[in-house]
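Each chain gets a letter, A, B and so on, in the order its sequence line appears, and its residues count up from 1.
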Number of protein chains: 2
Amino acid sequence: MVPQAPPAAADTKILILHAAQRRFADHGYEGTSLNDIADDVGIRRPSILHHFPSKEAIYRSVLAQLVGDWSELVTKAVADPTTGWVQVERVLSAAFEFFENHTDFVRLARREAIDGGPFFDEIATALQPLFDQAVGFLEREMRAGRLRKHNAAQLLLSGYGAILSYFSDAPLITVLLGTDPLSPAALKVRRREVVELFRTALEPR
Amino acid sequence: MVPQAPPAAADTKILILHAAQRRFADHGYEGTSLNDIADDVGIRRPSILHHFPSKEAIYRSVLAQLVGDWSELVTKAVADPTTGWVQVERVLSAAFEFFENHTDFVRLARREAIDGGPFFDEIATALQPLFDQAVGFLEREMRAGRLRKHNAAQLLLSGYGAILSYFSDAPLITVLLGTDPLSPAALKVRRREVVELFRTALEPR
DNA sequence: CCAAGCCTACCGACTGGTAGGTAGGTCTTT
DNA sequence: AAAGACCTACCTACCAGTCGGTAGGCTTGG
């Protein structure tokens with residue numbers, strides 16, 4: 001027989017995670033109630049707690065999933081590494097594309113970064129090795145003369161801010177620019193501009 | 001007697017606003033209860049509602065105050081305007097210093113920017129003319145050849161992101177850098193780096 | 001005397017979470 | 001094949017606690 005025994009079994013769990021991810025990204029942890037999530041899924045609140053032990057567990061699960069996706073992408077982008085600006089642009093572009101397709105992640109991560117909440121430590125310590133790795137790479141390339149000398153960590157923070165903010169603050173930027181900043185055309189412009197800014201700063205003259 | 005009669009009369013209102021600003025910045029609108037604010041001030045919740053008609057009114061009041069401060073600073077920084085990079089650096093430095101002393105503002109504004117909440121429109125429309133003004137200045141100077149040509153709006157967004165994120169995401173950055181990013185020494189380094197990045201991009205060779 | 005400022009006591013709405021029950025499928029035993 | 005045991009997925013009903021907000025009383029200085 002088809003192993004269809006639990007037809008919605010694993011399904012429902014995934015549906016809950018999806019709905020929760022959206023809600024948490026849109027309205028934050030406090031701003032999201034289990035009823036909200038249940039409504040999205042189309043079941044009752046207690047049924048949610050049949051699949052997860054608590055609201056906090058759902059949140060943790062969402063975070064772990066997203067951080068995992070992000071780590072995987074970075075790992076992939078630095079496999080088969082080249083050197084100098086080529087490698088920087090590769091990572092920059094990979095990150096940009098990832099954020100394009102994971103705007104929930106951006107907003108959620110940003111909320112965590114701002115309030116340093118109870119779950120914050122876990123994701124911070126998950127991100128730290130990636131950051132250190134990137135700093136190491138930049139410093140090595142700068143020493144080798146393949147990139148202009150800068151404070152690598154600071155430059156990285158600037159890139160982090162310039163890229164992430166564009167996605168996380170999309171509502172505000174919509175008003176400022178008067179157009180949808182997440183439209184394909186707008187994203188193309190944005191990507192070009194960011195890459196250009198860092199190329200100017202990093203590529204040896 | 002000591003003139004303690006209305007010791008907290010007008011004072012209390014200000015104390016409430018101060019406490020509310022901190023709480024809202026730390027934990028967001030949903031994450032802050034009137035009891036939290038009342039406890040900070042040292043009175044009971046209903047007493048707060050004697051001074052303000054509602055929680056929302058308090059929040060609006062906090063926002064208006066901060067946006068006002070920010071507008072004032074920008075206005076001051078562009079009075080007696082010069083041209084080219086000198087003027088850019090002046091605004092950049094002024095903004096940096098303002099954020100240093102108004103970290104509450106940064107975190108609050110960021111929260112608003114992320115969720116585009118109910119109060120969001122007001123602050124967005126308050127910020128828009130400042131943004132347009134800046135874009136206008138940059139484009140004029142680029143056309144005049146006093147700044148290198150860029151997409152002015154995009155460059156502004158990059159600066160916005162690079163500076164604001166450093167302050168708003170201080171909890172995360174603390175972990176990434178392993179030191180306090182808001183210490184005087186760290187701030188000096190940060191300011192130099194940001195200014196340098198934009199000087200490289202904007203100053204004509 | 002009166003008003004400002006603060007209080008206690010209360011309200012209805014909503015929160016996360018629990019208790020207990022039901023429908024229906026699968027697995028095991030006879 | 002039939003029957004009972006067990007399981008998952010979901011439900012309704014309820015809990016204690018907290019939320020923002022209101023009503024009304026007490027105190028105190030002008």
request  = Taking only the side-chain heavy atoms of A:H50 (C-beta and beyond), determine which of D:dA9, D:dC11, C:dC6 contains the nearest atom.
outcome  = D:dA9
key: Side chain of A:S47 - closest among C:dG5, C:dC7, D:dC11   = D:dC11
Side-chain donor-acceptor pairs under 3.5 Å in residues 123-135 of chain B, sequence neighbours left out?
{"unit_1": "B:T125", "atom_1": "OG1", "unit_2": "B:D121", "atom_2": "O", "d": "2.9"}
{"unit_1": "B:T125", "atom_1": "OG1", "unit_2": "B:E122", "atom_2": "O", "d": "2.9"}

Minimum heavy-atom separation for [X] to [Y], with atom names?
X: B:E97; Y: B:R191; answer: CB-NH2, 3.8 Å
X: B:I37; Y: B:A19; answer: CG2-CB, 4.1 Å
X: B:R111; Y: B:F24; answer: NE-O, 3.6 Å

Starting from [atom2] on [N], measure out to [atom1] on [X] and report it in whole angstrom.
X: A:R44; N: C:dG17; atom1: CZ; atom2: C1'; result: 17 Å
X: A:I48; N: D:dA9; atom1: CD1; atom2: C1'; result: 13 Å
X: A:D36; N: C:dC14; atom1: CG; atom2: C1'; result: 11 Å
X: B:D39; N: D:dC19; atom1: CG; atom2: C1'; result: 14 Å
X: B:L15; N: C:dC6; atom1: CG; atom2: C1'; result: 14 Å
X: A:I37; N: C:dG17; atom1: CD1; atom2: P; result: 11 Å

key: Test of ring centre spacing under 6.0 Å for A:F52 and A:Y59   = no
request  = Verify whether the ring centers belonging to A:F98 and A:F105 lie closer than 6.0 Å.
outcome  = yes
key: Sequence-distant partners of B:D104, salt bridge (Lys or Arg N to Asp or Glu O under 4.0 Å), two or more places apart   = B:R107
Pair B:I48-B:K55, side-chain contact (heavy atoms from CB on, under 4.5 Å): steps then yes or no = CA-CA 9 Å; B:I48 290 206; B:K55 179 184 179 183; over 6 Å; no
inquiry  = Taking any heavy-atom pair under 4.0 Å as a contact, classify B:S33: base, sugar-phosphate, or nothing.
reply    = sugar-phosphate
ask   = Within the pair A:N35 and C:dG16, is there a side-chain N or O less than 4.0 Å away from OP1 or OP2?
value = no
ask   = Ion pair present between B:R23 and B:D40, side-chain N to carboxylate O less than 4.0 angstrom?
value = yes
Anything under 3.5 Å between a protein N or O and an N or O of nucleotides 21-24 of chain D, put it in a table, one pair a line.
{"unit_1": "D:dG21", "atom_1": "OP2", "unit_2": "B:K55", "atom_2": "N", "d": "2.8"}
{"unit_1": "D:dG21", "atom_1": "N7", "unit_2": "B:R45", "atom_2": "NH1", "d": "3.0"}
{"unit_1": "D:dG21", "atom_1": "O6", "unit_2": "B:R45", "atom_2": "NH1", "d": "2.5"}

note = Note: contacts of residues 19-30 of chain A with DNA chain C (heavy atom, under 4.0 Å) are none
task = Please round to the nearest 0.5 Å and tell me the distance separating atom CG of A:L172 and atom CG of B:D115.
result = 11.5 Å
Which nucleotides of DNA chain D pair, in dot-bracket form (Watson-Crick or G-U under 3.5 Å, | meaning another strand) = ||||||||||||||||||||||||||||||
Could you give the side-chain donor-acceptor pairs of residues 154-165 of chain A under 3.5 Å, partners two or more places apart or in another chain?
{"unit_1": "A:Q154", "atom_1": "OE1", "unit_2": "B:R190", "atom_2": "NH1", "d": "2.9"}
{"unit_1": "A:S158", "atom_1": "OG", "unit_2": "A:Q154", "atom_2": "O", "d": "3.1"}
{"unit_1": "A:S158", "atom_1": "OG", "unit_2": "B:R190", "atom_2": "NH1", "d": "3.3"}
{"unit_1": "A:S158", "atom_1": "OG", "unit_2": "B:R190", "atom_2": "NH2", "d": "3.1"}
{"unit_1": "A:Y160", "atom_1": "OH", "unit_2": "B:D169", "atom_2": "OD2", "d": "2.4"}
{"unit_1": "A:S165", "atom_1": "OG", "unit_2": "A:R110", "atom_2": "NH1", "d": "3.1"}
{"unit_1": "A:S165", "atom_1": "OG", "unit_2": "A:G161", "atom_2": "O", "d": "2.7"}
{"unit_1": "A:S165", "atom_1": "OG", "unit_2": "B:R110", "atom_2": "NH2", "d": "2.7"}
{"unit_1": "A:S165", "atom_1": "OG", "unit_2": "B:S165", "atom_2": "OG", "d": "2.9"}

